[in-house]
Every structure is written in C-alpha cells, then in structure tokens.
Amino acid sequence: MSENVVHLHKNTDPPADNVTTLTVVPDAPPARPVPLWVRSGRAVKTVATHETTRATVRAAARHGLYTFNGGRIVARRAWDGRTGSRYERMIRAAEAAGNLEAAEEWEERLQRFRAARHHRRMDLLHSPVDAAKGVAVGAGMSIGALVALGVVMAISTGHVGDVITPLSATVDFIALLIRIVQVVWGPALSIGPFLALLALWSVGRKQHAAPNWALPANVRSGEGEPITPSIVVKALRDLGVPALARAIKEMGDAGASMLGPITIAGCGVEVDVTLPSGVATNEVQSKRRKLAENLTRHEHEVFITIPTAARTVRLWVADSGALDEPIGPSPLVTDDTMTADYKSGKAPWGQDLRGDAAALSLYQRHLLITGLSNQGKTVALRSLALWLSLDKSVQFLMGDLKGAGDWNMFDGLADTLIQGPTDEHVIQVTEMVEGAVDEMNRRLQAPPGTVFPPLIVLVDEAQVAFMCPAKGAGKDKRPYGGAKADSRYFMAVRKIHNQGRAVNVLMWQGTQDPTNENLPKLVREGAHTRASLALGTESQARMALGDKAVDGGAAPNLLRPGLDRGTLVVASDGISIPAGQSSITVRTHYIDDDAAKAITDRAKALRDGVTTLHAIDRSAEHDPLADIAAVIGDAPRVRTKDVLARLAGRNSDAYGDWSFLDLKRVLDDADAGPYKSDGVMVVSRDRVARALANRDGEGSASAE
C-alpha cells in the first residue's frame, strides 16, 4: 500500500512552464546636439521672414526710395525748366502720333523759349555794372534820406546831435540783423539738409516713386489706387492693340502727350485720350473690360465715350466701389414746398456719374423707358409723373398693364387709370389712347393761338399691348396689338407721335426686354427722350437708344442686372449731356410707394378734384349725333366720306360697318341732313350743332 507524502513547506520556485520572460528596453540615446550655426540660421530665417520684419524692410525701402526718386523728379523738373528738353519730348511725341500741327506748334514754342533764354543770358553781361550802379545810387539816396530826416529832427528838438540819430539807428539795426544771422546760421546749416530731404521725400511720396513691392498694402493691391497719367498710359499700352502699343513705345514721353488733364468728376476722374494715327476709337471701346482691369477697376466702373474731337476717347473711371453706394433721396421727398412747371421746369431725376444733379425737361417730348424686368423701370417712370403732377394744369391718362398697384396713388389725380394685365385691359387702354388721338385732332383744328393744357398719355408695360392677340368686333376685325398698319394700339401711338407734341398731347411708354415684336421700330424712334436700364445684348441697346447713342458709347447692356437697379442710360435733348457725347448715365432717386402717395396727396391739394375713370364704358359709348359733332370739330363742313372714316377711327365697333345711308339716316332724323357743296356731299357743323341744341332743349323741357 502506497502512502502519499505531504510536504509541509511551500515550494517558492515557480513551475518551469509558467516562467515570465522580462525584456529590458534600453533608454533612447540622447539626441545629437544641433550645431550652433544651424540654430542661429533658423533664428535668423524666422526673424527675416516674420511679417513685422518684412513690413519694416518695405517701409525703410519705401521711404528711402521716396527721398531718392523725389530728388530725381525735382532734378528732372529743374532740368526741364532750364532747357528745351520738355519741348523736344513733345515734338517727338507729336511726330510719333502723326499730329504734325501739334509738332509745329511745339517747335514754335521751343524757338520762343530759346530766344527768351538767349536774351536773358545777354542781359547777364551788363547786369554786374547795372547792379553796382543800382547799389551805389540806392545807398546814396538812403543815406541822404536819413540825413535829411536827422536835420528835421534836429530842427524840431534843437539838438544838433539828432542829425545823425536816424543814421546811427539804421547802423544799429543792421548790426542786430547780422547778430541774428550769426546766431541762426549754425542751426540752419544743421537743419537745412534735413528740411531739403523732407521736401524730396514729400515729392516722391506724392508720386508713389517706389517699386510696387515697397508700396503700402492698399496701393499695392490696387484697391483705391489713384488714376495717374502713367497708370492710364500703361493700361492703354497693355490693351492688346498693336498699333497703339508701338506708338506709345516710339513716343519720347512714353505716351504722356496723348492725355489731357485728369480732372475730378463726381465719384471718379475723367481724362481725354487722343489716339495716335492708325488707332480707331472703336478698338479701345471694344476692350472696355480689359482696360478696366488694367486700371484695377471692375468693368462697370469704367465708361468710354466719344467726344467731338477727332481720334479721341473720353475715359471716366470711378473710385473703387463708389458706384455701389446709394445716392441720396429725391428732392420731391425732402422738399414739401417743391412745385413743377411743365414748360420751363425740369424734373429732378437723380445724379450723373459726376455726382451732379440730373434733371430732365418734359416739355413737348414723347418718352420711352425700357430695360429688363425688375430693374426699376416703373419707379423711374413714376418719379417723372410725380414731379409733373405738382403742376396743376397737367392732365393724365394712365394705363398700367401689369396691374400690381404701382400707380394706385394716381387715383383721384388722373382722369383715367386702367390697371390690369388681361386682353380686356389692353382693349380699354387702346380705347383710352384712341380717345387721346381724338382730343389731339380737336386741338389741331382749333383756331391758331389756342393754348391747351398738357395731356400725358402714359402706358406702363406697353409690350403687353403690342403682343395682345385680341381683335375688334367690327366688320374689319382690326387687331388691338401688333406692329402693322391695322393695329389699333400701334396706329394710335403713331398718330400721337406724329402730331401730338404740337398741341401738348404726349405719349409716355414703359416697356421691358425690347424686341422688334414687342416694341416696333417706328414707335421707339418716335420718342424724343429714350432711356434704358440694364439690357441683355447690344442689339437691344440699339433698339432702346438708337444707333447714334450706342456708337457714341452708350452701353446699357453692360450695366449689371440687379446690382445697377435704377441706373439709366439716357439719350435726350431734354437733359444736360457733356459736349460731344450722345448720352448720359443717370442714377435715379428711389421713391417708394408711401413717399409717392404723400407727393400725390400734395398734388391733389392743388386741384379742385378729379374723378378718375377706371374703365372705358362701352355699353353706352356712342351717341351718333354727338360723335358726328365731335369728329367734325371746328371745321365749317366736312365731306361725308371723311366723317365716316373719322367715326370708324373713333369707335370701330359702332361705326366700322357704317355706310353713307346710315350716316344720312341719322342726320335726316335730326334735320341736319348732308348736302352738296362744290360737287361733293358734306355735313355742316352748324346744322349738327343746331340739331344737338334742339335735342338737348327738348330733353330739358320734358324733364321739367
């Protein structure tokens, strides 16, 4: 039998299979010490590339070069003043530009300068002797005067010694001056050079006479960079016109003679550039964007126009960001006492690019304003009507074919106000314009010398009328819209354009996105004042303003839709346009609805009260006998054929299918029948008037 042996002590040795092996990781070796020259190099590099160091270096270089280059500029000016080098440069520049007349003029000036210089040098030969004589004579006269003064003093005081008192006082004064000079001379010699260096630094600073990298950040980045002759010439040289670049390089003055004076013009500057021979003005006009970028401006901040001078372009360059700032409120809003005068006054419309007030004369001028949608067309058109409403003699017939309530404030001010976009509204507006034609014809037939109040026929969103497909119900089925001779709206507008201004019947229209379909050529060319907001293409700009204005630099297609809202390019003789230009850019005042209502309230207070018609009532629209009297007007007799034609034009629905028998029946019933005169059938004005009077008298008697 085996026995188990129990050990009473603990075995402290771990079993062989559970032994844990420990790995000892040695410490990392110490890093290699960086050499002193490497650390020093890194520190120097950090200091050298730090922005503060770079700014300090730029400042030191800038101010040092200001002083050095300022000295060069002063020396150059002094040399030009003492020699004929300036004239020689101008002669070479004029010859390079092909302007022989200017070259001859500068050569003549050079000859005059040389003759005057020779005369001065010859005078120097005699000047020492003349100066010595002058000093001797002056000293003698001065001493004599002092002695005479002393004699007078001696006689007055009774002391003989006073004879030399003035002379001794003068000597003492001269001695005092000498002592002052002795005291000041030392410090002046020490401070003088510093003052001279400061003057040279000031000249260099004004001319930015330092490399671009050393200039301040605002100038170096181009934002707000002033327009200087060198910048303009460099921009023209880099324009990409080979003939222009070659001519500038050949000019002795590097192109400076091309430039007129750079003048401040509103929120920018203006300069005329006379192009050298071989360079056309349209070559510069067509590169407006590149020229603007060369001048560190955006495209909309540079305007190029063609003045009357040959081979010349006029550049207007805005200050950076100036055109994005709003202009002030309209005087119509700020001045509650303002009134209007249709004949001699001008409507305050806005500001031109120079910051001057832009006012428009409306006297006997048809008006057309166009542009893309939502660019401020209605507000610009409405502001003119608001000003004119302050002349209580002016009458309004208004049609708004948008119907958004933009013209609500004229309710109670306009004789007719039609608002809405439908075909029915177009029909109403067309009949309103045709009624204005009848009024125009009545005025034209009035006795000579008759004065008529202004009648403004205003149609906003007129493109809706031109595009309307509706046709009349008469026999001829004449369309209301369209651009042909049978279009009722088109022909009514044309008639007012042809003869309306002579009797103060004026047509104002506002349209958007013009095309040949929605703004016919004859209609747009009939307007005396044409204005355009931002447009999409140059062809649209030509439709809006005409070829002459666009060829002269007008470019509403380059305005920025949305950003240049309310900015108009205007072609009109009713606004002050700089000499030689065919158009002007105007930033119009914005008048909101509340301010517009306040203005019309003032206008209504000037009137006795106006009942506004909101629709043309066609249910009882014609009284044949009264209409016959209206179309006859003031003529003693009118041929029946002409009466029928005028009746059809007045109301084609009622009289479009009338014949001679219909006319005779109405007149015979009223005892005003037609009769023959000189072999043709005519209608007598007196007979019709007597028939109307008899009828109205009978109606009054029956009413009693």
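Side-chain contact annotation: Gln463 with Glu461, donor-acceptor N/O pair under 3.5 Å present. Defined by atom type and a distance below 3.5 Å, a donor-acceptor pair is present between the side-chain atoms of Gln364 and Asn504.
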- Query: Given Val379 and Tyr590, is the side chain to side chain contact (heavy atoms under 4.5 Å, CB included) satisfied, shown in steps?
  - Reply: CA-CA 7 Å; Val379 173; Tyr590 176 73; 3.9 Å; yes

- Message: Show, in sequence, the C-alpha distance, side-chain angles and deciding distance for His425 and Leu401, and conclude whether the side chain to side chain contact (heavy atoms under 4.5 Å, CB included) test is met.
- Response: CA-CA 7 Å; His425 290 101; Leu401 294 177; 4.2 Å; yes

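When side chains are defined from C-beta on, Pro674 counts as touching Asp668, because their heavy atoms get closer than 4.5 Å. Two residues are said to be in side-chain contact when any heavy atoms from C-beta on lie closer than 4.5 Å; Ser344 and Tyr363 fail this criterion. Side-chain contact between Asp573 and Arg365 is present, with heavy atoms from C-beta onward closer than 4.5 Å. Side-chain atoms of Val683 and Val638, non-hydrogen and from C-beta on, never get closer than 4.5 Å to each other. Contact check for Leu625 versus Leu692: side-chain heavy atoms found under the 4.5 Å cut-off.
Panel note: side chain Arg687, backbone Gly673; a donor-acceptor pair is recorded below 3.5 Å. A donor-acceptor pair under 3.5 Å is formed between the side chain of Asp662 and the backbone N or O of Ser659. Between the side chain of Asp423 and the main chain of Ala470, no donor-acceptor pair closer than 3.5 Å is present. Remark: the backbone N or O of Gly350 is not paired with any side-chain donor or acceptor of Arg587 at under 3.5 angstrom. When atom types are taken as modelled, the side chain of Trp349 and the backbone of Ala380 share a donor-acceptor pair closer than 3.5 angstrom. With Arg530 contributing its side chain and Thr370 its backbone, the two residues share no donor-acceptor pair below 3.5 Å. A donor-acceptor pair is defined here as one N or O able to donate and one able to accept, closer than 3.5 Å; such a pair exists between the side chain of Arg685 and the backbone of Asp634. In this structure, Thr588 contributes its side chain and Gly566 its backbone to a donor-acceptor pair below 3.5 Å. Checking side-chain atoms of Lys495 against main-chain N and O of Glu434 turns up no donor-acceptor pair under 3.5 Å. No donor-acceptor pair closer than 3.5 Å links the side chain of Arg314 to the backbone N or O of Pro307.
None of His528, Gln509, Glu525 except one satisfies the side-chain contact (heavy atoms from CB on, under 4.5 Å) rule with Leu368; the exception is Gln509.
Taking a cutoff of 4.0 Å between a charged side-chain nitrogen and a carboxylate oxygen, Asp627 and Arg646 do not qualify as a salt bridge. By the 4.0 Å N-to-carboxylate-O rule, Asp460 lies close enough to Lys377 to be salt-bridged with it. Ion pairing between a basic and an acidic side chain is recognised when a charged N comes within 4.0 Å of a carboxylate O; Asp686 and Arg690 show no such pairing.
Smallest separation of non-hydrogen atoms from Arg637 and Val682: CD-CG2, 4.1 Å. Summarising the geometry of Gly412 relative to Thr612, their closest heavy-atom pair is N-OG1, 2.7 Å, with the distance given to 0.1 Å. Of all non-hydrogen atoms in Gly328 and His589, the two that sit nearest each other are O-ND1, 2.8 Å. Nearest heavy atoms, Ala544 versus Leu535: CB-CD1, 3.8 Å.
In this structure, OG on Ser532 lies 8.5 Å from CG on Asn557, to the nearest 0.5 angstrom. The CG atom of Asp341 sits 9.5 Å away from atom OG of Ser361, with the distance rounded to the nearest 0.5 Å. A distance of 6.5 Å separates OG1 in Thr600 from CZ in Phe410, rounded to the nearest 0.5 Å. In this structure, the separation between CG on Leu362 and CD1 on Ile456 is 7.0 Å, given to the nearest 0.5 Å. Atom CG of Leu568 and atom OG1 of Thr585 lie 9.0 Å apart (nearest 0.5 Å). Rounding to the nearest 0.5 angstrom, the gap separating the CZ atom in Arg478 from the OG atom in Ser487 is 7.5 Å.
The aromatic rings of Phe466 and Tyr489 stand perpendicular to each other, their planes meeting at an angle above 60°, with 30° marking the opposite boundary. Ring planes of Tyr655 and Trp658: perpendicular class, angle over 60° (limits at 30 and 60°).
More than 12 heavy atoms of other residues, nucleotides or ligands shown are found within 6.0 angstrom of CZ on Arg602. Annotation for Arg607: atom CZ counts as buried by contact number, over 12 foreign heavy atoms lying within 6.0 Å. Residue Lys402 qualifies as enclosed at atom NZ: its count of foreign heavy atoms under 6.0 Å is above 12. Atom CG of Asp592 is surrounded by more than 12 heavy atoms from other residues, nucleotides or ligands within 6.0 Å. The environment of NZ in Lys346 is crowded: more than 12 heavy-atom neighbours from other residues, nucleotides or ligands sit within 6.0 Å.
Figure legend: cation-pi geometry between Arg288 and Phe303, with NZ or CZ positioned under 6.0 Å from the six-membered ring centre and within 45° of its axis.
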